[in-house]
Amino acid sequence: MTKSELIAELTAANPHLTGRDVEVIVATIFDEITSALARGDRVELRGFGAFTVKRRNARTGRNPRTGEAVPVDEKAVPFFKAGKELRERVNRGRPARNASAQRVSA
Amino acid sequence: MNTVTRAHLAETVYSQVGLSRNESADLLETVLDRMSNALEIGESVKISGFGTFSVRQKGRRIGRNPKTGEEVPILPRRVLVFRPSHVLKAHVNGAQPLPGDDE
């Protein structure tokens with residue numbers, strides 16, 4: 001499922017809203033999560049999961065092609081931990097409706 | 001560090017979109033629900049400019065109870081992984097202006 005497929009599903013389920021409305025709503029949600037993480041806040045959505053920011057210390061990396069040592073600065077990375085309910089649903093997993101649903105993303 | 005919850009997100013939708021508070025909360029719930037449904041059937045959810053949620057199959061392995069040292073089999077299972085987009089990573093590192101103008 002992509003963002004546009006999500007928007008299409010929501011638009012179909014909410015006939016009183018235009019596709020444009022739904023697009024703005026979906027964008028608002030993900031933008032707000034992004035802003036919260038950018039502020040260093042955590043976002044906790046019970047049953048779904050929690051988004052947090054983890055710090056990674058500076059380290060010496062290596063260019064895998066040349067073997068050359070390169071300094072990697074300290075950085076922050078976004079992290080998502082699935083909530084209990086979602087984790088259990090995913091693990092229980094209903095069979096896919098069709099083969100394409102099984103595709104694994106890159 | 002503050003925690004942003006459903007209520008905050010619903011309030012943001014309410015204040016920026018002009019739906020009622022109730023409807024904003026419902027819409028947010030529907031978004032999470034549709035995403036969960038897709039993940040439940042093993043489908044990835046790709047939100048451009050944000051990241052990709054995907055389901056990964058893990059094989060059986062032998063774990064150990066760290067307290068007792070006892071070996072316990074960990075059964076094959078499916079786990080959810082989230083891969084943040086480079087846009088989200090950049091925001092988190094303060095490298096870019098806040099959202100609203102990206103993608």
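So that the names make sense, note that chain A is the first sequence line, chain B the second, and so on, each numbered from 1.
Note on residues 60-81 of chain B: no pairs pass ring pair (Phe, Tyr, Trp, His ring centres under 6.0 Å), not counting sequence neighbours.
Most heavy-atom pairs under 4.5 Å with chain B: of the set A:Leu6, A:Val43, A:Val24, A:Thr52, this distinction falls to A:Val43.
At a 4.5 Å heavy-atom cutoff, the contact between A:Ile29 and chain B is made by backbone and side-chain atoms alike. Heavy atoms closer than 4.5 Å to chain B are found in the side chain of A:Val53, but not in its backbone.
Looking at every heavy atom in both residues, B:Met1 comes nearest to A:Asp41 through CG-CA, 3.9 Å.
The interface of residues 61-75 of chain B with chain A, defined by heavy-atom distances below 4.5 Å, is empty. The contact list for residues 63-71 of chain A toward chain B, using heavy atoms and a distance under 4.5 Å, is empty.
In this structure, A:Phe30 and B:Phe50 have tilted ring planes: the angle between them lies in the 30° to 60° band.
Atoms CG and CD, on A:Leu86 and B:Glu40 in that order, are 8.5 Å from each other to the nearest 0.5 Å. Distance check: A:Arg39 CZ to B:His91 NE2 gives 13.0 Å after rounding to the nearest 0.5 Å.
For the side-chain contact (heavy atoms from CB on, under 4.5 Å) with A:Thr28, the qualifying choice from B:Val17, B:Leu27, B:Leu28 is B:Val17, the only one to do so.
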Under 3.5 Å, sequence neighbours excluded: what are the donor-acceptor pairs made by side chains of residues 10-17 of chain A?
{"from": "A:Thr11", "atom 1": "OG1", "to": "A:Ile7", "atom 2": "O", "distance (Å)": "2.6"}
{"from": "A:Asn14", "atom 1": "ND2", "to": "A:Leu10", "atom 2": "O", "distance (Å)": "2.9"}
{"from": "A:His16", "atom 1": "NE2", "to": "B:Glu23", "atom 2": "OE2", "distance (Å)": "2.3"}

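In this structure, the side chains of B:Leu80 and A:Phe80 come closer than 4.5 Å at one or more pairs of heavy atoms.
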